[in-house]
Amino acid sequence: MSLRLYNSLTNSKEDFVPIEEDTVGLYSCGQTIYEDMHVGNAKTYAAWDILNRYLTWKGYDVFHVMNITDVGHLTDDADEGEDKVEKAAREKKLEPMELVTRQVRKWYREMNALNMKVHNINPRATGHMVEMIEAVKSIIENGYAYERNGTVYFDVTKFAQDHGYPILGKRTVDSLEVGAGGRVSEDKLSEKRSPYDFALWIKAEPEHLMKWPSPWSLGYPGWHLECSVMAAKYLGEQFDIHTGGVDHIFPHHPNERAQNMAMSCTGGEPVRYWVHSAHITVNGEKMSKSKGNFYTVEELLENYDPAVIRTFFASIHYRSQSDFSLEALEESKKRLERFQNTLRTADSWDGGDRDSLEDLMKWIRKEFEKAMDDDLNTPLAMSKLLEFAGHINKSQDDRKEILGRATELLKELLEVLGIPLDPGQDNMVDGGEYIDLLLEIRQRLRENGEFALADIIRDDLAKRNVVVEDTPEGARWRMR
RNA sequence: GCUGGGGUGACAGAGAGGCCAAUGUGACCGCCUGCAGAGCGGUUUCCCGUGGGUUCGAUUCCCACCCCCAGCUCCA
């Protein structure tokens with residue numbers, strides 16, 4: 001069975017066939033690191049994390065590159081306004097690189113907490129200045145860029161004549177409304193040959209802090225350039241999958257693609273599959289700071305187990321606009337608990353002599369793969385796993401060995417969805433032995449019919465987030 | 001205006017031309033429990049935005065209409 005992915009270049013689901021058998025080059029547009037990661041960012045990164053894990057699970061050797069933008073992303077119109085990093089640094093009274101260092105460190109911490117697989121490379125724009133300048137040079141040499149007052153623009157019209165300029169899909173440049181956002185100012189428009197032209201290299205204003213010498217001016221690179229250059233450097237002139245948020249369908253990715261083609265001039269497609277994830281809304285509305293529906297990962301991690309957050313991400317489809325809310329997160333928590341309960345309960349069983357799960361294991365592997373092969377249908381995969389968990393719950397009489405393999409399989413597949421399960425948690429809690437002691441006392445009370453006292457112990461432990469569950473095999477507890 | 005995605009049972013959210021519409025949450029009943037929880041069983045909900053068409057048969061295909069969301073150089 002093979003994976004089918006929705007390719008924005010053709011607007012259709014296509015069979016995924018890697019360039020080289022068994023290996024996959026994957027590039028994901030990462031974050032401009034001037035502020036904290038929010039749920040929306042995390043949702044998108046989780047999608048690529050699942051893609052990476054799934055491909056790996058299917059036996060591919062995945063090389064995953066995700067960039068970190070630390071210069072060149074402007075706050076305002078294309079090629080105008082302030083550099084986002086500089087602006088944020090100034091507000092916080094930090095050196096730009098100090099802010100970047102700080103944010104990058106935090107970013108890694110949060111990515112790690114969210115159980116994101118470590119990427120092979122996280123290249124940064126500032127570390128690739130030489131390569132970017134070389135790229136601009138070759139684009140000029142190839143006739144697809146021109147300089148105006150120290151700033152170098154990409155000549156979209158020329159490029160479109162020679163190679164076409166599909167906007168990753170059916171649209172063309174002509175269908176765009178010039179300055180639809182009403183943010184492109186007159187003088188920049190007059191400097192460009194065409195309003196669609198975008199900057200490769202930008203001459204720095206005197207007060208600009210982050211700037212580098214180049215043949216054209218003391219300046220800095222345009223935002224789109226870094227991804228072209230770093231992707232080509234680490235994954236080659238042509239690679240398999242390039243991912244990003246829907247917002248990159250235009251202009252970031254078409255520009256990136258055009259740059260790559262203009263750089264090499266082989267005319268070939270630099271990327272085989274362009275994959276984009278939809279943005280989430282929060283409480284039904286577009287997330288924004290002013291609406292007060294803006295959640296950072298840091299905030300969420302204060303109140304929620306990362307596994308809950310990952311369960312939420314796995315429960316939605318990466319290409320569907322989905323709504324995030326604390327209620328939705330609560331439901332994800334319940335869903336996760338169902339899995340955890342199954343694993344915990346099944347582990348405590350002694351087992352019998354049946355083998356009903358044997359066939360069901362074959363079934364779930366097939367169903368899981370079928371769902372995931374269909375453009376990473378994680379909601380469907382998730383529902384199948386829940387069904388499988390339900391089957392395990394009914395298989396108390398299966399052989400112990402089979403039960404063990406079934407729970408391992410469940411964990412394995414959940415891990416492909418990025419959901420971590422750590423069943424050993426209970427015993428690692430500080431003071432666990434005292435809880436055991438209390439429960440032993442409670443058991444004696446129960447045997448003597450002193451239920452009121454027994455309940456006091458249970459209720460009190462509950463207040464301390466210790467959930468006590470009585471089972472035929474005795475009392476069991478876990479942290480909530 | 002252009003482009004894309006949607007409208008499914010109380011809610012969230014899958015699905016497929018027919019195998020009487022997954023899964024989770026909520027509610028209710030039962031089993032199990034001293035009670036609770038977890039688990040199990042059952043109930044709660046279907047002709048799936050509206051109107052046409054194609055078909056032996058459509059919620060799934062086609063057409064029209066209504067509504068919603070997103071993008072169109074800030075954004076994952």
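Proteins come first, then strands; the chains are lettered A, B, ... in the order of their sequence lines, and each starts at number 1. No hydrogens, no waters, no symmetry mates; every other heavy atom, side chains included, goes into these values.
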How far, in whole Å, is B/A12 from B/G5 if one measures between their P atoms?
22 Å
Identify the two heavy atoms, one from A/Pro221 and one from A/Ile202, that lie closest to each other, and give their separation to 0.1 Å.
O-CD1, 4.4 Å
When all nucleic acid strands are considered with a 4.0 Å heavy-atom cut-off, which category describes A/Asn393: base, sugar-phosphate, or nothing?
sugar-phosphate
Under 4.0 angstrom between A/Lys286 side-chain N/O and B/G71 OP1 or OP2
yes
What is the distance from CG of A/Leu385 to C1' of B/G24, rounded to the nearest Å?
13 Å
Determine the Euclidean distance between corresponding C1' atoms of B/C48 and B/G6; express it in Å to zero decimal places.
14 Å
C1' atom, B/U45 versus B/G37: distance in rounded Å?
27 Å
Minimum-distance pair of heavy atoms, taken over all atoms of A/Val468 and A/Arg458
CB-CG, 3.9 Å
Watson-Crick or G-U wobble mate for B/G37, both contacts under 3.5 Å
none
By the Watson-Crick or G-U definition, both distances under 3.5 Å, B/G71 is matched with B/C2
Would you mind telling me which of B/G4, B/U23, B/C72 lies closest to the side-chain atoms of A/Gln321?
B/G4
When you measure from the side chain of A/Pro379, which nucleotide among B/G13, B/C35, B/A76 comes out closest?
B/G13
Rounded distance (Å) that lies between atom C1' of B/G39 and atom CD of A/Glu337
14 Å
A/Phe324 and A/Tyr295 aromatic ring geometry - parallel, tilted or perpendicular at 30°/60° bounds:
perpendicular
Starting from the 5' end of RNA chain B, give me the residue, A/Ser322 or A/Lys334, whose nearest nucleotide shows up first.
A/Ser322
Taking atom P in both B/C29 and B/G18, compute the distance separating them and give it to the nearest angstrom.
38 Å
Looking only at the aromatic ring of each residue, does the gap between the centers of A/Phe313 and A/Tyr318 stay below 6.0 angstrom?
no
For A/His248, report the nucleic acid contact type (base, sugar-phosphate, nothing); a contact means any heavy atom under 4.0 Å.
sugar-phosphate
Separation of the P atoms in B/U60 and B/G52, to the nearest angstrom:
14 Å
Assign A/Trp349 to base, sugar-phosphate, or nothing according to its heavy-atom contacts below 4.0 angstrom with the strands shown.
nothing
Nearest-Å distance once atom P is located in both B/C32 and B/G49:
43 Å
Which of these nucleotides, B/U23, B/G37, B/G34, is closest to any side-chain atom of A/Leu386?
B/U23
Phosphate oxygens OP1/OP2 of B/U25: is one of them under 4.0 Å from a side-chain N or O of A/Lys333?
no
What interatomic distance, in whole Å, is found between P of B/U50 and the corresponding atom of B/C66?
15 Å
Could you check whether the side chain of A/Asn377 and the base of B/G15 have a donor-acceptor pair of N or O atoms closer than 3.5 Å, going by distance alone?
no
Counting the atoms with a prime plus P, OP1 and OP2 as sugar-phosphate, which does A/Glu469 contact under 4.0 Å by heavy atoms, base, sugar-phosphate, or nothing?
base
Round to the nearest Å and state the distance from A/Asn255 atom CG to B/C72 atom C1'.
13 Å
Do the ring planes of A/His253 and A/His276 sit parallel (below 30°), tilted (30 to 60°) or perpendicular (above 60°)?
tilted
Taken to the nearest whole Å, CD1/A/Ile202 to P/B/U73 is 17 Å
The Watson-Crick or G-U wobble partner of B/G17, with both key distances under 3.5 Å, is none
Would you kindly give the CG-to-C1' distance between A/Asn283 and B/C11, to the nearest whole Å?
15 Å
Please work out which of the three classes, parallel, tilted or perpendicular, describes the rings of A/His119 and A/Trp107, given edges at 30° and 60°.
tilted
Could you walk me through whether A/Glu415 and A/Lys411 pass the salt bridge (charged side-chain N to carboxylate O under 4.0 Å, His left out) check?
CA-CA 6 Å; A/Glu415 188 66 40; A/Lys411 276 189 263 188; over 6 Å; no
Across every strand shown, the nucleotide meeting Watson-Crick or G-U wobble geometry with B/A27 (both distances under 3.5 Å) is B/U43
Counting any heavy atom closer than 4.0 Å, what does A/Ile316 reach on the DNA or RNA strands: base, sugar-phosphate only, or nothing?
nothing
Between A/Glu110 and A/Val297 (side chain of the first, backbone of the second, donor and acceptor by atom type, cut-off under 3.5 Å), is there such a pair?
no
For A/Phe312 and B/U25, what is the distance between atoms CZ and P respectively, to the nearest whole Å?
16 Å
For the base of B/G24, is there a side-chain donor-acceptor partner from A/Glu331 under 3.5 Å away?
yes
Just call it for A/Gly449: base, sugar-phosphate, or nothing, with non-hydrogen atoms closer than 4.0 Å on any strand.
nothing
Identity of whatever pairs with B/G51 - Watson-Crick or G-U, under 3.5 angstrom:
B/C63
I need the NE2-P distance between A/His391 and B/A22, as an integer number of Å.
14 Å
Between B/G34 (P) and A/Asp470 (CG): distance, integer Å:
9 Å
By the 4.0 Å heavy-atom rule, please label A/Met287 as base, sugar-phosphate, or nothing.
base
In the strands shown, is B/A22 matched to any nucleotide by a Watson-Crick or G-U wobble pair with both distances under 3.5 Å, and which?
none
By the Watson-Crick or G-U definition, both distances under 3.5 Å, B/A58 is matched with none
Classify A/Arg338 by what it touches in the nucleic acid, base, sugar-phosphate, or nothing, heavy-atom distance under 4.0 Å.
sugar-phosphate
A/Gly30 near the nucleic acid: base, sugar-phosphate alone, or nothing, with a heavy-atom cut-off under 4.0 Å?
sugar-phosphate
A/Gly40 near the nucleic acid: base, sugar-phosphate alone, or nothing, with a heavy-atom cut-off under 4.0 Å?
base
Assign each of A/Ala452 and A/Asn41 to its nearest nucleotide of RNA chain B by heavy atoms, then name whichever residue's nucleotide is nearer the 5' end.
A/Ala452
Candidates B/A22, B/G37, B/C72 - which lies nearest the side chain of A/Glu387:
B/A22
Could you check whether A/Val467 gets within reach of a base, just the sugar-phosphate, or nothing at all, counting any heavy atom under 4.0 Å?
nothing
Rounded to whole angstrom, note down the C1' distance from B/C67 over to B/G51.
15 Å
Within the structure shown, what part of the strands sits under 4.0 Å from A/Ser320 by heavy-atom distance: base, sugar-phosphate, or nothing?
sugar-phosphate
Heavy-atom pair of closest approach, residues A/Val85 and A/Val71
CG2-N, 4.5 Å
So is the aromatic ring of A/His279 stacked onto the base of B/A76, judging by whether the centres are under 5.5 Å apart and the planes are under 30° apart?
yes
